[in-house]
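Take a look at the structure below.
These values consider heavy atoms only, across backbone and side chains, with no hydrogens, waters or symmetry-generated copies. Proteins get letters first, then strands, A, B, ... in listed order; numbering begins at 1 in each. None of these values were measured; they are calculated from a predicted model.
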Protein chains: 2
Amino acid sequence: MKKMSDKQGLSPDAVIDRLKAKGISATRQRVQIAELLFAKPQHLSADQVLERVNREDSTASKATIYNTLNLFARKGLVREVIVDPSKVFYDSNTSEHHHVYNLDSGVLTDIEFTSINMAELPPLPTGTTPVTVDLIIRVRESS
Amino acid sequence: MKKMSDKQGLSPDAVIDRLKAKGISATRQRVQIAELLFAKPQHLSADQVLERVNREDSTASKATIYNTLNLFARKGLVREVIVDPSKVFYDSNTSEHHHVYNLDSGVLTDIEFTSINMAELPPLPTGTTPVTVDLIIRVRESS
DNA sequence: CAGGTAATCTGGACTTATTCCAAAACCTTC
DNA sequence: GAAGGTTTTGGAATAAGTCCAGATTACCTG
């Protein structure tokens with residue numbers, strides 16, 4: 001019988017299909033990174049991805065982690081969330097949603113918030129088309 | 001008669017008052033940076049501020065530029081706009097508004113967009129209060 | 001106005017995330 | 001199994017931002 005991923009995510013084959021569907025050839029490193037990301041909706045930094053991928057026996061280099069995350073972001077498999085100049089997260093939840101960033105704890109949370117939709121954007125500068133719409137609400141603990 | 005700033009902005013005294021109103025002591029360097037920023041609504045990076053301030057005869061060090069911009073941002077004199085991990089802008093327009101960032105040209109533009117207001121935010125995680133609400137629409141030239 | 005204390009500024013070293021690079025490893029396909 | 005393109009790799013390079021300890025300045029009090 002087929003072995004499923006140990007982290008309740010997609011099976012390796014499903015991950016490979018998802019990469020191929022976007023025209024990304026499924027190398028060992030890319031599949032590993034994708035399996036990690038797609039296991040569940042989550043926010044990971046490049047560092048965290050590097051650390052977790054390299055916990056397993058076969059590893060990936062720092063350069064590959066960056067290449068791959070950028071590739072995935074460009075292809076829309078993952079969403080880059082820029083929270084802090086030195087805190088970029090990769091969000092494996094690709095459905096439309098926005099973010100709450102807790103400045104005290106560093107925790108990033110998704111929020112459903114339909115009152116902004118791509119369809120009804122304000123007038124943009126002429127000759128430009130929207131690529132992403134990112135709403136980030138920064139909060140503090142209200143002690 | 002009183003000499004006005006050469007860049008159609010606030011007079012030096014008005015700048016000093018604005019700093020003092022926020023409890024910031026008006027040192028030479030801070031006044032210089034504030035005069036530059038408050039001359040008109042604009043988006044400048046730390047680098048640009050450094051470069052422009054040091055164009056004049058009396059200068060400020062890199063460390064001071066960073067200290068001062070962070071101080072101004074904390075005090076609400078200026079708004080930090082994080083557009084790209086390595087592109088932080090300081091926006092001297094402190095009224096409520098949002099941003100359009102052109103990925104091709106690197107130009108950041110303000111937009112008035114009242115359909116999101118601090119008053120009607122979605123439910124935030126319990127025990128947190130909003131600090132900033134930032135909407136950034138990233139666009140490309142629609143060649 | 002002089003002296004003292006706290007706040008601020010400074011240059012340069014340091015840190016840290018990310019990118020760059022040229023060589024090695026790896027797939028395909030014939 | 002050799003050719004040719006694509007990926008990966010380790011390590012060097014880059015660049016924004018922070019840190020630090022000493023020098024300077026601002027500010028208060030008498």
B/Asn93 side chain to B/Gln42 main-chain N or O, any donor-acceptor pair under 3.5 Å?
->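 It does not hold such a pair.
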
Which whole-number value in Å describes the distance from [X] [atom1] to [N] [atom2]?
X: A/Gln32; N: C/dC26; atom1: CD; atom2: C1'; answer: 15 Å
X: A/Arg28; N: D/dT6; atom1: CZ; atom2: C1'; answer: 15 Å
X: B/Leu50; N: D/dA15; atom1: CG; atom2: P; answer: 15 Å
X: A/Lys20; N: D/dT6; atom1: NZ; atom2: C1'; answer: 15 Å
X: A/Ile24; N: C/dC27; atom1: CD1; atom2: P; answer: 17 Å
X: A/Ile65; N: D/dT8; atom1: CD1; atom2: P; answer: 10 Å
X: A/Ile33; N: D/dT9; atom1: CD1; atom2: P; answer: 9 Å

- Item | Within one Ile-Leu-Val-Met-Phe-Trp-Tyr cluster: B/Leu44 and B/Tyr66, side-chain cutoff 4.5 Å |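 Not linked; separate clusters.
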
| request: Indicate, with yes or no, if A/Val131 and B/Leu108 share a hydrophobic cluster defined by side-chain heavy-atom contacts under 4.5 Å among Ile, Leu, Val, Met, Phe, Trp and Tyr. | output: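 Shared cluster, yes.
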
Practice task
Could you tell me how the ring of B/Phe72 sits relative to the ring of B/Phe38: parallel (under 30°), tilted (30 to 60°) or perpendicular (over 60°)?
Solution key: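 Rings of B/Phe72 and B/Phe38: parallel, under 30°.
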
| message | Before you tell me yes or no, could you show the steps for B/Thr68 and B/Val49 under side-chain contact (heavy atoms from CB on, under 4.5 Å), namely the whole-Å CA-CA distance, both residues' side-chain angles and the distance that decides it to 0.1 Å? | response | CA-CA 11 Å; B/Thr68 303; B/Val49 173; over 6 Å; no

Check: Between A/Asp110 and A/His99, does a side chain to side chain donor-acceptor pair (under 3.5 Å) hold up when you go through it step by step?
Finding: CA-CA 5 Å; A/Asp110 286 357; A/His99 293 103; 3.2 Å; yes

Should [X] be listed as having a side-chain N or O under 4.0 Å from OP1 or OP2 of [N]?
X: B/Ser25; N: D/dA26; value: no
X: A/Thr27; N: D/dT8; value: yes
X: B/Gln29; N: D/dT25; value: no

Its contact letters, B for base, S for sugar-phosphate only and - for none at protein heavy atoms under 4.0 Å, make nucleotides 16-22 of chain C read -SBBB--

Describe the nucleic acid contact of B/Ser45 in one word from base, sugar-phosphate, nothing, applying a heavy-atom distance below 4.0 Å.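 Touches nothing.
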
B/Asp47 and B/Ser45 side chains, donor-acceptor separation under 3.5 Å: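 Not at all, the side chains of B/Ser45 and B/Asp47 share no donor-acceptor pair under 3.5 Å.
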
